[in-house]
Protein chains: 2
Amino acid sequence: MNISPKKISDHQLEDQEISINHQKLIDATIETIAKRGLGDTTIAQVAKKAMVSQGYANFRFKSKENLLLSSLKFLSDEYKNSWQRIFEDNNLDPVGRVIKIIENDFSGKIANRNKIAVWVSFYSEVKFRPSYLSICQKQDEIYSSQMEKLIKEVNILSNQSFLTSREISETYLSMVDGLWQRILFDPKMYSHVFCKDLIKKYFRNIYADEKRFV
Amino acid sequence: MNISPKKISDHQLEDQEISINHQKLIDATIETIAKRGLGDTTIAQVAKKAMVSQGYANFRFKSKENLLLSSLKFLSDEYKNSWQRIFEDNNLDPVGRVIKIIENDFSGKIANRNKIAVWVSFYSEVKFRPSYLSICQKQDEIYSSQMEKLIKEVNILSNQSFLTSREISETYLSMVDGLWQRILFDPKMYSHVFCKDLIKKYFRNIYADEKRFV
DNA sequence: TTTTGTATTGAATAATCATTCAATATGAGT
DNA sequence: ACTCATATTGAATGATTATTCAATACAAAA
């Protein structure tokens, strides 16, 4: 039996698998939302940017709604992968992990103005589209609980007991959301360095002995 | 010369003055955005809710864009008035003022899910509509600088010098934005009490001697 | 009552856009 | 070379919606 590699054409891929065009359309959707806003994003523009016909974009995703949903899912997974890698990295101690988390949340890949514009566009529809809400919420719940567990470890190691791990992680998460939003308004003032330093200073204040929070 | 009060009909009002219909339309716009989202808000729906004809809504505000802008301006002014009253209240000492500010930011009038949904809708368009940006930004700049000055007073009174007033006020402002956004996702978990307590705990940690941060 | 200027209506218009689908291209298997 | 299944096109369709405007209601003044 010949097991040499065969060329696989698109039509042989299952629905769940990702074809070139599938990903091209998702990328184009994100770029279009970032450039023009969710309200002014049309299938025609996305298709043009992805260099496929308008009809094809609709055919491939069944509906515009579904294309948007898939794009949100993609963004959401991209973010999740980035922080999951940090939680799974066994070479890190708790404080080192917190620092990596902060750096990830304000890395160029995650916290750039285009991506934030897309996130906020979807956030703004969360109240009216349960499907958006469930994607955003499920991810956030896991992140929250992982974060709280991590802070609990740091609390124990540093004998910090005035603030609970829940309080510290909720403060962290709300600050991140707030700072992202502010990056959208004024990216110059809210530079990545500014945001990271602000958050590190917060931790430095709590864990006075821990010199790694710069 | 007769100076007895005259009935003033709408057409005698200047552009800048507010007629009944003007405000009815703005209220209806905010309600419609809160219920259906900015993208699904049509002049027809707003006009229906305000109980005027569709043509009139357009005539009165010249364009949909202008109606939306006026509604954002209204929300923005409402918020500004609420915190300006606190900054101008001479009966308050610095810590009392901070507490009032926190309570205002999470009062039912300001931090309810409908209003937040409207805010976030506009935020999400800020990158694409400079007119939205300038309304939001101008307001925020004043609030920021007032807040920083206030924190500086508290820092001095309490001999706190590790965190600068800028750092504390920026942390506060980003937490408020982040928590508002989270209220949108999960209003049960992020209750007003939860949000206020979280923020007060932040201040309590900084100003350990100040018993008023509950 | 009649006139006159403004307020308000609601139907018509024109533009935009998601969706459909018949037609065509592509490329693997025979 | 031919067949056949799938991929892709792009023009047509129908729905939605902001905007316009001629027609009407209204209310104050004469």
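Residue numbering restarts at 1 for every chain, and letters A, B, ... go by the order of the sequence lines. None of the values given here were measured: they were computed from a predicted structure.
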> Taking the six-membered ring for Trp, are the ring centroids of B:Y190 and B:F185 within less than 6.0 Å of each other?
Replying inline: no

> Whole-Å distance between D:dA15 P and A:E65 CD?
Replying inline: 20 Å

> In whole Å, what is the span from the NZ atom of B:K62 to the P atom of D:dA18?
Replying inline: 17 Å

> Atom CD1 of B:I43 to atom C1' of C:dG10: distance rounded to whole Å?
Replying inline: 14 Å

> Could you state the CG-C1' distance from B:N58 to C:dT13, rounded to the nearest angstrom?
Replying inline: 13 Å

>> Looking at B:V214, is its backbone amide N or carbonyl O close enough to the side chain of B:R204 to form a donor-acceptor pair, meaning the two atoms are under 3.5 Å apart?
In response: yes

> Within this structure, what is the CG-to-C1' distance between A:L67 and C:dA18, rounded to whole angstrom?
Replying inline: 12 Å

>> Check the phosphate of C:dA7 against B:N21, side-chain N and O only, distance under 4.0 Å to OP1 or OP2. Yes or no?
In response: no

> Can you check whether B:Y132 and B:W119 have ring centres sitting under 6.0 Å from each other?
Replying inline: no

>> Heavy atoms from C-beta onward define the side chain here; which of C:dT8, D:dG10, D:dA18 lies closest to that of A:S53?
In response: D:dG10

> Looking at C:dT19, D:dT17, C:dT9, which one has an atom nearest to any side-chain atom of B:T42?
Replying inline: D:dT17

>> Tell me the interatomic distance from A:D40, atom CG, to C:dA15, atom C1', rounded to whole angstroms.
In response: 14 Å

> Of all the nucleotides listed (D:dA18, C:dT19, C:dT9), which has the minimum atom distance to the side chain of B:Y56?
Replying inline: C:dT9

>> Would you say the ring centers of A:Y202 and A:F213 fall short of 6.0 Å from each other?
In response: no

